[in-house]
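Comments concern the structure below.
Proteins get letters first, then strands, A, B, ... in listed order; numbering begins at 1 in each. The structure displayed is predicted, hence computed values, not measured ones. FYI, side chains are in, hydrogens and waters are out, and symmetry mates aren't considered; it's all heavy atoms of this structure.
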Number of protein chains: 2
Amino acid sequence: MKMTPMIETFVMHFGEMGSRWGFNRTVGQMYALLVITKDPISANQIAEALSISRGNVSMGLKELQSWQLIQMHHKPGDRKEYFQTNGSIWDMANRVFEERRKREMDPTLSLLRDILLDTPANAEEQHAQEKLKEVHDLLEGITKWSSELQRLSPEKLDTLMKLGSGVGKVLDMKDKLLKRSNE
Amino acid sequence: MKMTPMIETFVMHFGEMGSRWGFNRTVGQMYALLVITKDPISANQIAEALSISRGNVSMGLKELQSWQLIQMHHKPGDRKEYFQTNGSIWDMANRVFEERRKREMDPTLSLLRDILLDTPANAEEQHAQEKLKEVHDLLEGITKWSSELQRLSPEKLDTLMKLGSGVGKVLDMKDKLLKRSNE
DNA sequence: CTAAAGTTTCAGTAATTATTGAAACTTTAG
DNA sequence: CTAAAGTTTCAATAATTACTGAAACTTTAG
């Protein structure tokens with residue numbers, strides 16, 4: 001597995017970005033390689049293409065599987081395992097959002113819920129709790145909203161995206177419609 | 001500056017989460033402290049409350065300022081600088097999203113644009129480019145969509161959020177409305 | 001059952017990132 | 001202008017995180 005310069009550029013960049021996206025450099029490289037490679041490839045091919053150790057590849061594949069970003073394959077008459085990305089680019093984005101929400105918001109949300117059950121001991125804690133309530137409501141709002149979005153069909157999502165700032169107009173229309181139906 | 005146990009719990013948790021949110025532990029702690037503290041506090045008070053070095057606080061404040069999350073204040077007759085969070089919790093969320101978009105998507109988007117200008121050298125690169133196009137379109141979609149959302153008034157955003165799965169229905173209404181106005 | 005082909009684990013080490021604290025710098029009251 | 005009060009910088013070091021590769025494990029063909 002030799003990468004062409006174009007492919008190498010992309011793979012290495014994805015590696016650099018990896019850490020910002022929630023996984024480490026080699027996991028980012030591995031995923032990039034799998035995204036642009038048409039046919040499933042083996043762990044050894046990955047190790048060779050990226051010049052990293054076989055052990056590291058094994059751990060990376062485990063990580064990518066835990067994100068549900070890749071799939072394992074078996075070729076008939078071959079004992080090796082072959083890997084491939086799982087689903088469309090949209091599915092990938094959904095999984096990444098979902099996973100990050102789990103890691104970045106859920107633990108905080110749960111802690112905030114606990115703290116908000118306590119009775120504030122003094123004026124200082126009273127003020128603190130009010131702020132925490134705001135943070136809590138924000139996180140809860142984002143969480144609910146994002147799970148609603150994931151429930152929408154891809155077509156509706158696409159419409160919504162294309163609507164852009166037009167969303168404002170649609171909201172106005174909604175108010176008018178409701179009013180009309182109440183009359 | 002002594003923190004009560006409740007406040008300490010929150011501050012330390014925010015520190016742990018900090019790295020997942022794009023800044024480091026102490027920056028997370030510092031921000032949490034500023035969020036729940038009513039009156040502006042000095043760099044020294046922060047260092048004392050969190051038991052971290054004065055130098056570290058200085059760097060952290062710089063980082064928080066670069067995210068536009070805090071504001072500096074001067075008290076009359078006092079040479080010290082006092083700090084306070086900047087804007088509402090909503091403003092905070094907006095700034096964090098914006099900043100993360102800059103760090104996590106913009107560089108990739110720009111690289112992808114470049115690569116897509118190249119002519120594929122063979123079938124392998126041809127397939128790679130198709131995939132890259134998909135990734136590019138996804139990132140561009142998210143970028144545009146999120147900047148549209150930021151342009152909406154807070155009230156409309158709130159309506160949109162509360163709408164939840166109702167978004168689907170509103171989209172249906174939109175189609176009907178358009179049809180009606182065309183008749 | 002055995003050996004071969006493959007995968008995973010994990011202790012040790014390398015690489016990266018965060019933190020300290022002393023020195024350099026800046027600002028202002030007098 | 002000077003000294004005092006404050007802030008920032010950055011080289012050294014600590015803490016964390018990622019990577020390697022050999023050993024342990026698993027699976028299957030024969």
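- For the atom pair A:I89 CD1 and B:E134 CD, the distance stands at 5.0 Å (nearest 0.5 Å).
- For A:W21 and A:F14, the distance between ring centers is not under 6.0 angstrom.
- Note: A:W67 and A:Y31 fail the aromatic proximity criterion, with ring centroids not under 6.0 Å apart.
- Contact check, B:T26 against C:dT19: a side-chain N or O comes under 4.0 Å of OP1 or OP2.
- Side-chain contact between B:Q65 and B:M72 is present, with at least one heavy-atom pair separated by less than 4.5 Å.
- Distance, B:N56 CG to C:dA22 C1': 15 Å, rounded to whole Å.
- Rounding to whole angstrom units, CE of residue A:M59 and C1' of D:dA22 are separated by 14 Å.
- A 3.5 Å limit on both hydrogen-bonding distances identifies C:dT13 as the Watson-Crick or G-U partner of D:dA18.
- What separates CE of B:M72 from C1' of D:dG6 is a distance of 12 Å, to the nearest Å.
- Note on A:N24: only backbone sugar-phosphate atoms sit closer than 4.0 angstrom, heavy atoms only; bases stay farther off.
- Heavy-atom distances to DNA chain C give each of B:I52 and A:A43 a nearest nucleotide, and the one nearer the 5′ end belongs to A:A43.
- Residue A:L61 contributes atom CG, which lies 7 Å from atom P of C:dT8 at whole-angstrom precision.
- Protein atom CZ of B:R25 is 20 Å distant from nucleotide atom P of C:dT16, rounded to whole Å.
- Set against D:dC19, D:dT7, C:dT28, the side chain of B:R79 has C:dT28 as its closest nucleotide.
- Note: the hydrophobic cluster containing B:L50 also contains B:M1 (ILVMFWY, side chain heavy atoms under 4.5 Å, direct or indirect links).
- Pair check for C:dT26 finds D:dA5; Watson-Crick or G-U wobble, both atom distances under 3.5 Å.
- For D:dC10, the paired base is C:dG21 (Watson-Crick or G-U wobble, both distances below 3.5 Å).
- In this structure, the CD atom of A:E81 is 12 Å from the C1' atom of C:dA5, given to the nearest Å.
- Residue A:K62 places at least one side-chain N or O closer than 4.0 Å to OP1 or OP2 of C:dT9.
- Listed pair B:R54 / C:dT20 fails the phosphate criterion, with no side-chain N or O lying under 4.0 Å from OP1 or OP2.
- The interatomic distance linking A:Q45 (CD) with C:dG6 (C1') rounds to 14 Å, in whole Å.
- Taking atom NE2 of residue A:H74 and atom P of nucleotide C:dG6, one finds them 13 Å apart after rounding to whole Å.
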